[in-house]
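Read through the structure below, which is laid out as structure tokens, and then see the notes.
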Amino acid sequence: MTQHGETNPKSEERIGVYVCHCGTNIAGVVDVQGVAEWAASQLEHRGVVIGRDYKFMCSSLGQELIEKDIKELGLTRVVVAACSPHLHEATFRTACKNAGLNPYLCELVSIREQVSWVHTDKAMATAKSKAMISGGVERVIRHAPLEPLRVPIHPDTMVVGGGIAGIQSALEIADAGYHVYLVEREPSIGGHMAQFDKTFPTLDCSACILTPKMVQVGTHPNITMLTWSEVEKVDGFVGNFTVTVRKKARKIIEELCTGCGICQEKCPKKVIDDVYEAGLGYRKAVYTPFPQAVPKYPVMDVPNCTYFEKGTCKACEKFCPTNAIDFKQQDEILTLQVGAIVLATGYDLFDARRVTNYGYGRLPNVFTSLEFERLSNAAGPTNGNIVLRDGKTTPKSVGIVHCVGSRDRNFNNYCSVICCMQGLKFAHLVHERTGAIVYNFYIDMRTAYKAYDEFYQRVLEEGTLFVRGKVAEITDVARRPDEDGHLIVQVEDTLASKQRRIPVDMVILSTGLQPRYDAKETAKRFGLSCSADGWFIEKHPKLDPISTMTEGIYIAGCVQGPKDIPSSVAQGAAAAARVLGKIQQREISIEPVRASVNQDQCSGCRICNNLCPYNAISFVEDRAVSQVNAALCQGCGTCVAACPAGAISGTAFSNAQILAQIEGLMMLNLEEPVTA
Amino acid sequence: MTDKFEPTIIGFTCNWCSYRAADLAGTARIKYPPNVRLVRLMCSGRLDPTFVFKALSSGADGVIITGCHPGECHYLEQNYKALRRFQLMKRTLVGLGLEPGRVKLIWASAAEGAKFASEINTFVEEIRALGPLHWGIPSDALPVSSVALEEVPA
């Protein structure tokens, strides 16, 4: 541990302090010029030889300024007071490296995110910036030159989630010649897109564009499909993940099964299909969710199987021509080595029951969007006939309610992106197939993106009626004779400033998207974080919506936030590009933030041994000292903090660095007169 | 500047959650008082109690330690170790005759910029209410500690 006396020796270093204006982002609140001048004059005894301010330090001119000073003034340390190190640390490290200075001898002080953007009092903000720079200077003096660690990248990749985003990602990587494990928890890949009939705005048949891709995945020599499987555990780090996957027992021997479908035909047990058919249709207890499923092998629904329930039946086994049924099959645990992971686990539909005033679940002829997708699907439970819950009556009037569960402070604040277009698509399909009068109830019509607004115009021209206003209630309690036997949509028409009661036969709720019910656990398993809404957080909302805070793990599709099919495909492909870029480097640099034990100081007390979550610390019996395995260490520093002898040090975050930073931060008190 | 006591607070943040929460508070322009100065650590588990005592002895009036929510640690479980050390530290503070409220531990995920800002707000007010720490003042000038020795937890 650094002692008091030695924290402030006269510094031998030659330090440059660079204060960024960031346009007016920082300069609007902090007196940047004053701060730079103060650093040069007041911190001179600490080794600061130059203090500069510049409009945009991160620009190439700003970087050149630093590089020039390093060369001409012989700087040995650099402090940049600008934005968060998470944004531009790499930029300034590279600048140092270009000028021949070890990149780890640079320290970033975040006076934008931590000062100018969050404080309004200019004098106090300026004083705080000075204190922070003083902390940065003290810290940087104790920086040591470091070399990034080089680790090899395992060339295999895992894609989790077999919806359209995951499929795209897997295909891109596999086509480039690398091996992919595609993990999907349902019996077939395809995701939500496989449930749709038509896709907006072009009205292509969803199956027609999706199934060829599914077949490609199924037959690709570089893709190992693990359907009916779930990731249980992820260990390791970028380039070297070890993933434990549970391959749930299908009770079908895949090697023998030909996918002929006789078992499904013969199975006597009918089960309501809550997943694929959204509760509108039936499947058997042994089933493939839909005819084009990939892989073609069925799965056995053990809780619903008559044999597992009563001990007799085995109809499937009797009729299976290839003896592929195996009632004794157990779950398999696979341990796979991969270099990168793409998470494309998708979304759940908002549960429309939560909006009680819309009556879903209580009023039979209120449908969710997914139910309508199945209803309108030619391969669906009604063969594509749009009918009421009784299964035969064609509606004469249909109300489509937008923003169900979205843009609503009672449920989700965000816009689910796809619901407007989805509602318009439904309007078109109802119109085309039933000739019914269609009302769309919307708050705002959001038809951004290519050819979307044109589709809106088309639906308008088809004669769909649009009412701007949030639906207050859907009820079956009639007030007027013409409302008898109908559902009544109570809505404020905000364009006409009128309350309206519109009787309809059928209501379709354009339900929004929400994170998977188990998104939090998934995030934890992969070491990611979720936003307050529950979507996975990307590394940067604009510039890096593919990466996550955990290097080597990428996100694609709706797991990152609501999006339509083209965006999901684009993100899936982008994630693949990132993975391929990593694989082709063969080796990757990682931050040299690691702990190490000074064996001369180690007393062998073993306090640290049990603290490491990665089992990186082992005890050397013959010398009675502990040692850290740098390959396993992730650099959290818990052991460093725990060592009573101060024998463990953490590179880049040593005790000396942090204690000095604290001292530097405290050199200026807010109450002291501000000199600027 | 106002006549109000402006405390100086050192905040320790975890690189993965609370430091990013501070970044997010910035990006979202959520205001909080400038009394806090942050130190980035890789993990709240890196927090050596010495850092806290160093901050207090160097003139800070309070210390706020921020980490990932329980169960969400980037390094699996090191925030629990921070929690354990925090409990111990509070005892030590009482033993030293300091108000345990001068050191606070909060959880803030990378998504909780608003929470981070509001926790800072609250803590600054709490420390303002506690008043300054009298470091550097000769011990005979300080009021006699009101905590009897017997009451100090072992």
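Hydrogens, waters and symmetry mates are skipped; everything else that's a heavy atom, side chains included, is used. Order of the sequence lines sets the chain letters (A, B, ...), proteins ahead of strands, with each chain counted from 1.
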Determine, step by step, whether A:Glu89 and B:Arg40 satisfy the salt bridge (Lys or Arg N to Asp or Glu O under 4.0 Å) criterion, reporting the C-alpha distance in whole Å, the side-chain angles of both residues, the deciding distance to 0.1 Å, and the verdict. CA-CA 13 Å; A:Glu89 192 167 54; B:Arg40 176 165 66 128; 3.3 Å; yes
Closest non-hydrogen atom pair, [X] against [Y]:
X	Y	answer
B:Phe51	A:Ile662	O-CD1, 3.5 Å
A:Ser84	B:Asp23	OG-OD2, 2.6 Å
A:Cys636	B:Cys43	O-CB, 3.6 Å
B:Gly45	A:Ala641	O-CB, 3.7 Å
B:Val36	A:Lys128	O-NZ, 2.7 Å
A:Met124	B:Pro34	CE-CG, 3.6 Å

Give a yes or no on whether the backbone of A:Val640 and the side-chain of B:Arg46 come within a donor-acceptor separation of less than 3.5 Å.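 The answer is no, because no donor-acceptor pair under 3.5 Å joins these two groups.
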Under 3.5 Å, side chain of B:Gln78 to main-chain N/O of A:Leu611, donor-acceptor pair present?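 Side chain of B:Gln78 to backbone of A:Leu611, a donor-acceptor pair under 3.5 Å: yes, one is there.
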Roughly how far, to the nearest 0.5 Å, is [atom2] of [Y] from [atom1] of [X]?
X	Y	atom1	atom2	answer
A:Met666	B:Arg37	CE	CZ	6.0 Å
B:Glu112	A:Ser529	CD	OG	10.0 Å
B:Asp48	A:Thr638	CG	OG1	11.0 Å
A:Cys633	B:Tyr75	SG	OH	8.5 Å
A:Ile658	B:Lys54	CD1	NZ	12.5 Å

Going by side chain to side chain contact (heavy atoms under 4.5 Å, CB included), A:Leu665 matches just one of B:Leu38, B:Val39, B:Thr8. Which one?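 Running side chain to side chain contact (heavy atoms under 4.5 Å, CB included) over B:Leu38, B:Val39, B:Thr8 with A:Leu665 returns exactly one hit, B:Val39.
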Quick one: what part of [X] sits under 4.5 Å from any heavy atom of chain B, side chain, backbone, both or neither?
X	value
A:Ala523	neither
A:Asn25	side chain
A:Cys530	backbone
A:Gln661	side chain

Salt bridge between A:Lys524 and B:Glu72, side-chain N to carboxylate O under 4.0 Å?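 The answer is no: the pair does not qualify as a salt bridge.
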Any idea which of A:Gly650, A:Pro613, A:Ala652 has the most non-hydrogen atom pairs under 4.5 angstrom with chain B? A:Pro613
Heavy atoms only, distances under 4.5 angstrom: which of B:Arg29, B:Met42, B:Arg85 has the most pairs with chain A? Name it, please.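 Answer, by heavy-atom pair count under 4.5 Å with chain A: B:Arg29.
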With a strict 4.5 Å heavy-atom criterion, list every residue of residues 11-21 of chain B that contacts chain A, or say none. B:Phe12, B:Asn15, B:Trp16, B:Tyr19, B:Arg20
So for B:Lys31, is it side chain, backbone, both, or neither that comes closer than 4.5 Å to the heavy atoms of chain A? both
Would B:Ile30 and A:Trp117 satisfy side chain to side chain contact (heavy atoms under 4.5 Å, CB included), going step by step from the backbone distance to the final call? CA-CA 8 Å; B:Ile30 303 168; A:Trp117 275 354; over 6 Å; no
